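What you see is a predicted model, and the numbers here were worked out from it, not measured in a lab. Proteins get letters first, then strands, A, B, ... in listed order; numbering begins at 1 in each.
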Amino acid sequence: MAANIYIGEISENEAVQDNCFLMKIKVAPSFQNPLPGQFVMIRIAGLNDPFLSRPISIYSFSRNENYCVIELLYQVVGKGTRIMAGLIEDSQVEINGPLGNGFDTLSVKENIVMIAGGIGIAPLSMLTENLRRTHPLSNMMIYNGFQNASAVVGLDNMRRLCRNISVCTDDGTMGEKGFVTQIFQKDIKQYVPENTSIYACGPGAMLKSLAKILNKSKFSAQVSLEERMACGVGACMGCAVAIRDKDCTLAFKRVCADGPVFNLRDIIWE
Amino acid sequence: MAANIYIGEISENEAVQDNCFLMKIKVAPSFQNPLPGQFVMIRIAGLNDPFLSRPISIYSFSRNENYCVIELLYQVVGKGTRIMAGLIEDSQVEINGPLGNGFDTLSVKENIVMIAGGIGIAPLSMLTENLRRTHPLSNMMIYNGFQNASAVVGLDNMRRLCRNISVCTDDGTMGEKGFVTQIFQKDIKQYVPENTSIYACGPGAMLKSLAKILNKSKFSAQVSLEERMACGVGACMGCAVAIRDKDCTLAFKRVCADGPVFNLRDIIWE
Amino acid sequence: MAVKLGRLKLNNPVMTASGTFGYGEEYAGYVDLNRLGAVVVKGLSLKPRLGNPPPRIMETTGGMLNSIGLQNIGVEAFIEEKLPFLRKYDTAVIANIYGETYDEFKKVAKKLSLAKGVHALEVNISCPNVKKGGASFGTDPKIAARVTRTVKDETGLPVIVKLTPNVTDIAQIAESVEKAGADIISLINTLTGMSVDLNTRCPHLKNITGGLSGPAIKPVALRMVWQVIQRVSVPVIGIGGIMTAEDALEFLVLGAKAVEIGTANFVNPHATLDVIEGIKNYLADHKIKDINDIIGTFRN
Amino acid sequence: MAVKLGRLKLNNPVMTASGTFGYGEEYAGYVDLNRLGAVVVKGLSLKPRLGNPPPRIMETTGGMLNSIGLQNIGVEAFIEEKLPFLRKYDTAVIANIYGETYDEFKKVAKKLSLAKGVHALEVNISCPNVKKGGASFGTDPKIAARVTRTVKDETGLPVIVKLTPNVTDIAQIAESVEKAGADIISLINTLTGMSVDLNTRCPHLKNITGGLSGPAIKPVALRMVWQVIQRVSVPVIGIGGIMTAEDALEFLVLGAKAVEIGTANFVNPHATLDVIEGIKNYLADHKIKDINDIIGTFRN
Ligand SMILES: Cc1cc2nc3c(=O)[nH]c(=O)nc-3n(C[C@H](O)[C@H](O)[C@H](O)COP(=O)(O)OP(=O)(O)OC[C@H]3O[C@@H](n4cnc5c(N)ncnc54)[C@H](O)[C@@H]3O)c2cc1C
Ligand SMILES: Cc1cc2nc3c(=O)[nH]c(=O)nc-3n(C[C@H](O)[C@H](O)[C@H](O)COP(=O)(O)OP(=O)(O)OC[C@H]3O[C@@H](n4cnc5c(N)ncnc54)[C@H](O)[C@@H]3O)c2cc1C
Ligand SMILES: Cc1cc2nc3c(=O)[nH]c(=O)nc-3n(C[C@H](O)[C@H](O)[C@H](O)COP(=O)(O)O)c2cc1C
Ligand SMILES: Cc1cc2nc3c(=O)[nH]c(=O)nc-3n(C[C@H](O)[C@H](O)[C@H](O)COP(=O)(O)O)c2cc1C
Ligand code: FES
Ligand code: FES
C-alpha cells in the first residue's frame, strides 16, 4: 500500500460558506496521486483531545516538483471539524493517505450522472474533473442537492466543469424545491441503464432513497459511504457497513479499506 | 474570596531566555489587585489535554480603567508550559486568581534579604517592587542563583529595583560560583536576626539547605513553596505539604490555600 | 428542574461530588451555592484525618490520580465549623461519611443525624486510597450490605450508598445494598490507578496507587450506572467524568435521577452552573418542560 | 533490545496489540514488520465471525469505545491466507485466540499449533464485546484456569493468557491461570464502557456497551500490571494506553518484560517504531546498555 503518513502544512483554510471550509495542505512530493473518491485521515492536534483522526475526502489534488497540495472541502459538524476550521496558515497537521478505493473510472458509460447531496459534492467534484479529462466525449449530468441556499457549497467549481447542472434545495430557496433524489427521479426516463454510469455521494438518507429508486430498475450506481473511523487502513474493523456478499449472504465490509465506494445494490439498509 | 475566573487575552508572550518566557495577559478590571506571592491557575487549552490548570506566580501586575495586565514569568519544563510558550498573541486563556496568601509585607524589618533560585525570582521580583514602594528606607540585599549564565532570568528587572544584588551560578559561568544558599551563608554574619526579614523562593533542594542554615540560627524566613495542584482553591487537598502545627504535631497544609508562602521553620522536610 | 430521589428533594439534579468541592465555602466565591441541587461535602470520619503524605495528585490523559487519603477535619469540627455556613443556603447539604470499622460508620452517622442542616448521608464504601479497609467494604456484597444496615440503624436521614467501580459485578453490589435498605445509590467512585515517574522510577504518588477521575472514566461510569439502573428500583445518582451538560444528560437519559460533578470543578469552578444552564438550554431546544421527562428516556 | 519471556524470545519488547494491527499486512506499508518485537494478530475463532452490527466505534476523552464483536476470517483462512505473508518476516507471530466454548478454544489452539510460523498463542479470555461468553471466562478464576489448561493440553507453543480488567481482584485471576500452566500473562484488555447519543437517546454503539481503550485507561493498566507482577513469577506483558516510549517504559520499569501497543496504531501508524526509537534513546541518555537492566527497576 502506497499510502503513508505525512506532515502537512496548511497553506490556506478559508470559509467558503457559513460552516463549510476549504483547506489547502502542502505535503511532500512522495504523496501518491489520489484517485477520485479516496480520502485522508487527518490528525488535527498533536494532543489526545480530540483523540482520533478524522476521515475527509480529497476534494482536489495538484503537485509541482517541490510539493503536493491536497484540498479538503469540509463542513463543521462537531468538535474535530470545528478545530480544523480554527487552524491558521502554516499550522501543521498529520495526514495519512491516500486511503480507500476510489470510484471505478475505467468502465465509464457514455452517459454520466452525478448525484451529490450537501458536502457529498466533495468527492464527486474531483471525480468530475477527472472524468472530464479521461472521457471528454461522454455527456455528463450533475444533480446537486442542498438543505437551503445558504448551505450551497462547491457549486461554482462544478459549474466550471460541466454545463448540465441541476440544483435543488430542500426548502426551494435556490433552484428547484425538493430532494435531489426526487429531482433525479423526474429525469430518470431520459437515461438507459445500459449506457449510463451513476455516481453518488451524500447523507445516508439520500443514498437509501436513491437505492429505493434504482433497485426498482436496472440502473446500478457507485456510491461513497461514510462511517466513523479509527484506523482508516482496514485494521480495526470499526467502520463496518452491511454488504450483500457474492454468495448473497450478509457481510460487514470496511468502509475505509473495502470502500468507501460501493455498488449501491450491494448495500443492505437497516 | 475575591478570586474568580477570567477570560484572559494574551497581549505578549516573548522568550526572555532559552526556555523562559514572559507572558502578558489582559483581564477585566474586576480582577483583584494581587499581593506579592499570590498566583493564578491558568487553563491552557479549552480541551482536555493537558487536563489540569497550571499554577504560576504573578510576576507583575498593572491596571488602567479598561483592563488589568497580569505578567507571568515562566520556564518550560513540560507539556503544559511548552503549550503556554506556543500560544500566540490574542489567544485566550482561562485565569483563576489571584490565589493563595502572599508574603507578609506588614511586619517588615529594616534589613530585607531576598534569596531567589532560578525561576523562583518571579514572585520575589514583585515583592521587591512592592517593598521598594512601601519600605523605601529599609536596605535590601538580593541573592540570585542560577544554574548557569544562559539560565539567568529576570535579573535586569531586579537590578532596576535594587542596587545590592549578588549573582551566582552553579558552574560559575556568571557571577560567583556556587549555590545561592552558600553565597548567602558567607554574608550571614552581616545580618542580625532581630532586624532582618528574609524572603526566599526556589527549588525544594535550595529551600531545604536554606532551612539547614537558618535553623541553626535565630533567623526566620518566609518561603514560597511549589506543589502539583488540581483546584488551586483549597478544595481538593492535593497540594499538601508537611507542616509543624501550632502544637508542634505534623499537619498537611495546602500550598494553594494555606500558602504558598510558609514560615521556613514550620516546614517538615523529608 | 426539581427532582425527587425518594424523600430527598433537590432544586435541580446537579450536585457536587464529595472531595471535589471542599466544605462548600472554598467555591462559594465562584458559585452561588443556592443554585446547586446539593452540596456533597468532603468525606467525614469520626476523628480528624491527616491524610496521605504528598505527592498526592498526578495528571493523566483526560483525568487525574489522587491519593488524598481522606484528609478531613472530622465530623465534630465539621458540625461546629462548617455546617453553620452551609445552613445559610437553601440547598441540600449531604454529608459523605467514611469509616474504617462498622462502629466508626455508626458513630459518624449518629452524630450527623443529630446535627441540624444535614439532608442526607452519602456512605463512601469505596474510597480506594486508604490502605486499611476502604475499598474492601465496597467490593464484597455482604460487607457492603452490612455497612448499609449499620448506617440505616443510626439515622432517619435518607442514606445514599456510594459504590466503587473496582468490582466484577457492580449490579450485584447495588442489589445487595438496596436489600440492606439503601434509599439511594450513587456511583461511581474513582477507578484505582497509578503512574510511574521515569526520572526517579518511583510512583508519582507517594501512596503508589490513587483514584482515577475525570472525563477519562466517563464511559465506565455510564456503563455501570446503566447496569445498576436495570437491576435496582431505588433512585440512582450518576457520577464520573461529567464536564458538560451533555455529559450530565447522558447519565440522566440512562435513568439517573441526579448527577454529581467532581473533578470538573477543579478545571472550571463554574462547572456546576455551566451544567445547569446547559441542561436548561437542552430542555428548551427540545421543548421539554420537565426535567423528569428526559430522565430514563434511553432507547436501545 | 532483545528480551526473553520464558521460551518466547523477542527482538525487542515492543509488540502490537491484538485487534489493532489487523493481520499485519494492513500496516506493512507503514511499518517494517521486521523491526517489531512481535506481531499479535486479530483474535481468531474456529469459524469466521461476522462481528457486531455497526456503529461499532465511538471516540471518548483520551480513548475510544469499540464493539467489533471479534469479526475475523476464522483460524483456517488465517493459516491459508494470512500466515504465509507473516512468515516472510523475522518477527515473532502471535495468534490471539478466542472461543465461546472450551471445545472451540481447544480446536483453535490445535489448528494453530500444527501451522508453521506461529510462535505463541495469546488466549483472549477477556473480550468484553461479545454478549455470549467472552468476559465471563476471564472474570472467574476457576473458569480462567480451565481455559488455560484446555489450551495448554493442545499446544506445545508458549501460551500467553490475556486478562480482563473488569474484575475485583486481577491478581487472583493471574495466580489462578499461572497455576493452570500459563507461560506468560498479558494485561489489560479493554474496560467495558458505553456512551449515549443525545440526538437519538440511543447508545452510540449498536451493541450498547463496548471496550474502552487508549491513554485514558493507562493508569488502570499500570496499577493492574503492578498488582499482578507482585503475585506471579511468570513473565508479564503490559498493555493499555501506550502512546509513547515513556508510556512503555512505565510498564517496563514496573517489571513488564514486554508491552503491546494497540489503539495508538490508529492515530499514529508509526507508533510502534516511535516507541522502539524512544526506548533506545532513553537507554542511551541514561547510559543503560541492556533493556533488561531497566525492567523491574521500580522503587517504592
Ligand atoms: C470516507 C469519508 C470521507 C469523508 N469526506 C468528508 C468531506 O469531504 N467533507 C466533510 O465535511 N466530511 C467528510 N466526511 C465526514 C467527516 O469525517 C465527519 O463529518 C467528521 O469526522 C466529524 O468529526 P467531528 O469531530 O467534527 O464530529 P463529531 O463531534 O465526531 O460528530 C458530530 C456529528 O458528525 C457525525 N460524524 C462523526 N464522524 C463521522 C464520520 N466519520 N462520517 C460521517 N458522519 C460522522 C456524528 O454522527 C455526529 O452527528 C467523510 C467521512 C468519511 C468516512
Ligand atoms: C504556587 C506556585 C507558583 C508557581 N510559579 C511559577 C512561576 O512563576 N514560573 C514558573 O515557571 N513555574 C511556576 N510554578 C511551577 C509550575 O506550576 C510548573 O512548572 C508547571 O505546572 C509545570 O507544568 P508542565 O505541564 O509544564 O510540567 P509537567 O509536564 O506537569 O511536569 C514537568 C516537571 O515539572 C514538575 N512540576 C509539575 N508541576 C509542578 C508544580 N505545580 N510545581 C513545581 N513543579 C512542578 C514535575 O515534577 C516535572 O518534573 C509554580 C508552582 C506553584 C505551585
Ligand atoms: C481529589 C478527590 C477527592 C475525593 N474525595 C472523595 C471523598 O472524600 N469521598 C468520596 O466518596 N469520593 C471522593 N472522591 C470521588 C469523587 O467524589 C467522584 O466519585 C469521582 O472523582 C468521580 O467523579 P469525577 O470524575 O466527576 O471526579 C474524590 C475525588 C477526587 C478527585
Ligand atoms: C478495535 C479493537 C479491537 C480489539 N480486538 C481485540 C481482539 O480481537 N482480541 C484481544 O485480545 N484484544 C482486542 N483488543 C484489545 C487490545 O488488544 C488491547 O488489549 C486494548 O485495546 C488496550 O490497549 P490499548 O489501550 O493500547 O489499545 C481490541 C482493541 C481495539 C481498540
Ligand atoms: S476505520 Fe479501521 S477498519 Fe476502517
Ligand atoms: S490544589 Fe486543591 S487544595 Fe491545593
Side-chain angles (χ1 to χ4, degrees), chain A residues 1-7 32 41-55 77-80 94-99 204 225-243 245 247 249-259 267-270, chain D residues 16-31 41-43 48-73 129 204-206 210 213-216 218 241 243-244 262-271 273-274:
Chain A
M1 197 172 77
N4 216 330
I5 304 292
Y6 295 83
I7 298 297
Q32 187 197 31
M41 293 293 284
I42 179 168
R43 186 99 197 272
I44 302 151
L47 299 166
N48 288 322
D49 187 18
F51 184 64
L52 296 172
S53 305
R54 297 294 191 258
V77 298
K79 191 189 213 179
E94 274 169 54
I95 296 287
N96 181 5
L99 299 169
L225 297 181
E226 295 187 354
E227 263 299 331
R228 284 187 180 276
M229 292 187 174
C231 72
V233 302
C236 75
M237 305 285 156
C239 59
V241 55
I243 293 291
D245 224 348
D247 53 6
T249 57
L250 176 148
F252 288 119
K253 299 281 188 181
R254 304 158 303 178
V255 169
C256 68
D258 303 312
I267 300 167
I268 300 171
W269 302 95
E270 287 226 331
Chain D
T16 64
S18 178
T20 67
F21 210 69
Y23 300 104
E25 59 193 20
E26 292 84 352
Y27 280 108
Y30 296 86
V31 173
V41 301
K42 173 67 184 170
R49 283 181 61 95
L50 253 187
N52 290 328
R56 291 176 171 184
I57 55 173
M58 180 61 196
E59 182 176 66
T60 70
T61 300
M64 64 177 281
L65 287 164
N66 90 81
S67 59
I68 307 305
L70 288 158
Q71 174 173 3
N72 77 96
I73 60 176
N129 299 342
H204 276 118
L205 303 179
K206 186 80 174 178
S213 63
K218 192 186 70 171
M243 301 291 288
T244 66
T263 304
N265 294 302
F266 303 158
V267 295
N268 171 19
H270 293 159
L273 301 184
D274 292 351

| query | Between the main-chain N or O of Val241(A) and the side-chain N or O of Glu227(A), is there a donor-acceptor pair closer than 3.5 Å? | reply |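 No, because the side chain of Glu227(A) does not come within donor-acceptor range (under 3.5 Å) of the backbone of Val241(A).
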| message | Heavy-atom cut-off 4.5 Å, strictly under: side chain, backbone, both or neither for Thr20(D) against chain A? | response |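 For Thr20(D), the backbone is the part near chain A, not the side chain.
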| Under 4.5 Å from a heavy atom of chain A, the part of Pro53(D) involved |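 The answer is both parts of Pro53(D).
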| field | Heavy-atom pairs under 4.5 Å with chain A, option from Asn72(D), Asn268(D), Val267(D), Thr263(D) with the top count | value |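 Option with the greatest count: Val267(D).
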| task | Between chain A and each of Glu59(D), Met243(D), Glu25(D), count heavy-atom pairs under 4.5 Å; write down the option with the most. | result |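 That would be Glu59(D).
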Sort [X] into side chain, backbone, both or neither according to what part of it lies under 4.5 angstrom from a heavy atom of chain D.
{"X": "Leu47(A)", "value": "neither"}
{"X": "Met229(A)", "value": "backbone"}
{"X": "Arg228(A)", "value": "both"}

At their closest point, which heavy atom of [X] faces which heavy atom of [Y], and how far apart are they?
{"X": "Asn52(D)", "Y": "Arg56(D)", "result": "O-NE, 2.6 Å"}
{"X": "Gly234(A)", "Y": "Arg254(A)", "result": "O-NH1, 2.8 Å"}
{"X": "Ile44(A)", "Y": "Pro50(A)", "result": "CD1-CG, 4.4 Å"}
{"X": "Ala3(A)", "Y": "Tyr30(D)", "result": "CB-OH, 3.5 Å"}

| field | Non-hydrogen side-chain atoms of Tyr23(D) and Lys42(D) separated by less than 4.5 Å | value |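 Yes. Closest side-chain heavy atoms under 4.5 Å.
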| query | In terms of heavy-atom pairs under 4.5 Å, which option from Asp49(A), Leu250(A), Ile5(A), Thr249(A) contacts chain D the most? | reply |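 Top count of heavy-atom pairs under 4.5 Å with chain D: Ile5(A).
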